[in-house]
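Notes follow once the structure below has been shown.
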There are 2 protein chains.
Amino acid sequence: MSESSAAVRNTRQRSAVSALLGEMEGFHSAQDLHAMLRQRGERVGLTTVYRTLQGLADAGEIDVMRPPGGEHLYRRCSEGHHHHLVCRVCGRTVEVAGPAVESWADRVAAQHGYADVSHTLEIFGTCPTCPR
Amino acid sequence: MSESSAAVRNTRQRSAVSALLGEMEGFHSAQDLHAMLRQRGERVGLTTVYRTLQGLADAGEIDVMRPPGGEHLYRRCSEGHHHHLVCRVCGRTVEVAGPAVESWADRVAAQHGYADVSHTLEIFGTCPTCPR
DNA sequence: TGCGTTTTTGACAATCATTATCGTTGCCAC
DNA sequence: GTGGCAACGATAATGATTGTCAAAAACGCA
Ligand SMILES: [Zn+2]
Ligand SMILES: [Zn+2]
Ligand SMILES: [Zn+2]
Ligand SMILES: [Zn+2]
């Protein structure tokens with residue numbers, strides 16, 4: 001018994017949020033995305049934006065970043081495990097993969113007897129187009 | 001002229017917070033530390049605990065961790081740049097150094113033209129004493 | 001196409017860590 | 001000593017995120 005339906009329904013709001021994420025370049029907050037939707041004339045509640053983003057994040061369809069002292073930022077990324085190189089001025093983001101880092105983290109954790117290992121890694125800097 | 005005094009005054013409250021951090025083993029939140037101080041009979045305001053922790057963090061004397069969906073956690077660490085391997089059950093923390101990771105991050109950033117590079121890295125797992 | 005069931009929505013209230021206020025306290029250089 | 005100025009702290013404010021719950025909308029099925 002039990003699992004009968006994934007029961008994920010197709011709604012106008014969910015599509016709107018997902019579509020918007022498809023067009024956005026960098027990371028954006030829930031509040032930002034909500035404001036953009038409103039300007040487009042899309043009628044979507046803030047609560048729904050939060051819920052949708054959370055769902056997409058849980059499903060691994062979008063990435064979440066928690067910058068120091070700010071709101072959560074969301075972005076549609078390419079598939080597979082990767083990390084972000086972010087401009088701390090304009091937010092321009094580059095996806096970077098580092099197999100060596102991945103294995104290093106797992107190895108270090110194993111050496112100390114830690115199991116079920118995961119990690120977070122973000123690189124910050126000022127991008128070429130943001131002199132000064 | 002200019003720099004005359006660091007102007008950092010010695011106060012009973014600052015000493016209390018700093019001393020407490022010296023005895024604590026893992027990471028603790030501002031609210032936790034404040035509660036501990038009160039139980040000891042130390043009379044320190046919550047605002048002051050926040051301010052002191054922030055100051056110590058800015059001065060690089062303590063490390064801050066921002067676990068997903070929780071408060072900021074503080075801990076007195078050894079000197080020098082390092083990262084943390086944290087048990088997501090009990091909080092037991094091991095400091096780890098990874099020169100290879102440091103250079104990798106800098107190299108990747110440089111390749112993309114990013115300057116003034118910094119990074120954040122945390123490894124999570126369940127420690128040996130937290131079976132299951 | 002109409003219906004019932006179940007999910008989703010969204011306006012609004014609630015949470016809660018952190019920050020801002022601002023009058024009082026007390027450190028410390030002189 | 002004492003005056004100036006940093007630090008304190010009770011309290012209010014902030015603000016992102018989450019909880020609530022009645023109403024709206026999907027969708028499987030007839
Ligand atoms: Zn930039
Ligand atoms: Zn990784
Ligand atoms: Zn543990
Ligand atoms: Zn590092």
Side-chain angles (χ1 to χ4, degrees), chain A residues 1-21 27-59 61-75 91, chain B residues 1-21 27-59 61-75 91:
Chain A
M1 359 258 97
S2 56
E3 96 251 79
S4 43
S5 57
V8 174
R9 295 181 182 179
N10 249 354
T11 66
R12 169 178 57 78
Q13 295 88 340
R14 190 185 301 274
S15 301
V17 172
S18 197
L20 180 58
L21 282 171
F27 279 89
H28 294 276
S29 71
Q31 315 246 10
D32 270 0
L33 295 168
H34 177 247
M36 295 179 198
L37 289 172
R38 299 208 74 216
Q39 287 192 329
R40 289 187 175 200
E42 301 276 0
R43 200 171 321 290
V44 182
L46 177 58
T47 304
T48 298
V49 173
Y50 271 105
R51 263 192 305 240
T52 302
L53 289 173
Q54 218 164 35
L56 289 172
D58 288 346
E61 290 192 38
I62 62 176
D63 283 359
V64 189
M65 188 174 27
R66 312 179 4 81
E71 325 103 287
H72 294 185
L73 302 180
Y74 303 88
R75 183 202 192 199
Chain B
M1 328 274 103
S2 55
E3 96 253 77
S4 42
S5 56
V8 174
R9 296 184 181 175
N10 247 355
T11 66
R12 167 179 57 79
Q13 295 88 339
R14 189 183 301 272
S15 301
V17 171
S18 196
L20 179 57
L21 281 170
F27 279 89
H28 294 276
S29 71
Q31 316 247 8
D32 270 0
L33 295 168
H34 176 247
M36 294 179 197
L37 288 172
R38 299 209 75 216
Q39 287 192 328
R40 289 188 175 201
E42 301 278 359
R43 201 172 322 291
V44 183
L46 177 58
T47 304
T48 298
V49 173
Y50 271 106
R51 262 191 305 239
T52 302
L53 290 172
Q54 219 164 33
L56 291 172
D58 289 346
E61 291 192 39
I62 62 177
D63 284 359
V64 189
M65 187 173 32
R66 312 181 0 84
E71 326 103 287
H72 295 186
L73 302 180
Y74 304 87
R75 182 202 192 198

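The sequence lines fix the lettering, A, B, ..., with proteins before strands; numbering per chain opens at 1. This is a predicted model, so every value here is computed, not measured.
Comparing D:dT17, D:dA7, C:dA20 by their closest approach to the side chain of A:E71 singles out D:dT17.
The separation between A:N10 atom CG and C:dT6 atom C1' is 16 Å, rounded to whole Å. Rounding to whole angstrom units, CZ of residue B:R12 and C1' of D:dG9 are separated by 11 Å. Counting to the nearest Å, the P atom of D:dC8 and the CG atom of B:L46 are 13 Å from each other. Distance, A:R66 CZ to D:dG15 C1': 15 Å, rounded to whole Å. Atom CG in A:L37 sits roughly 14 Å away from atom C1' in C:dT9 (whole-Å rounding). Atom CZ of A:R14 is separated from atom P of D:dA25 by 16 Å (rounded to the nearest Å). The OH-C1' distance, from A:Y50 to C:dT9, rounds to 17 Å in whole Å. One interatomic measurement links the two molecules: CZ of B:R43 to C1' of C:dG26, which rounds to 16 Å at whole-angstrom precision.
At a cut-off of 3.5 angstrom, counting only N and O atoms as typed in the model, there is a donor on one side and an acceptor on the other between the side-chain of A:T47 and the base of C:dA11. For B:T11 against D:dC8, no side-chain N or O and base N or O form a donor-acceptor pair under 3.5 Å. For a distance-only test at 3.5 Å, the side chain of A:R51 fails to qualify as a donor-acceptor partner of the base of C:dT8.
For the OP1/OP2 pair of C:dT19 and a distance below 4.0 Å, the side-chain nitrogens and oxygens of B:Q54 include at least one atom meeting the criterion. Remark: B:Q13 is in phosphate contact with D:dG9, judged by side-chain N or O atoms under 4.0 Å from OP1 or OP2. For the pair B:H72 and C:dT18, the criterion of a side-chain N or O lying under 4.0 Å from OP1 or OP2 is met.
In this structure a side-chain-to-backbone donor-acceptor pair under 3.5 Å is missing from A:R51 to A:L46.
Heavy-atom nearest nucleotides on DNA chain C were determined for A:T52 and for B:R9, and the one closer to the 5' end corresponds to A:T52.
Side-chain atoms of B:R66 and A:R66, non-hydrogen and from C-beta on, do get closer than 4.5 Å to each other. Looking at B:V17 and B:Q13, their side chains never come closer than 4.5 Å, going by heavy atoms from C-beta outward. Residues B:E42 and B:L20 fail the side-chain proximity criterion, which asks for heavy atoms closer than 4.5 Å.
Results of the side chain to side chain donor-acceptor pair (under 3.5 Å) test with B:Y50 over B:Q31, B:H34, B:H72 single out B:Q31 as the only residue that passes.
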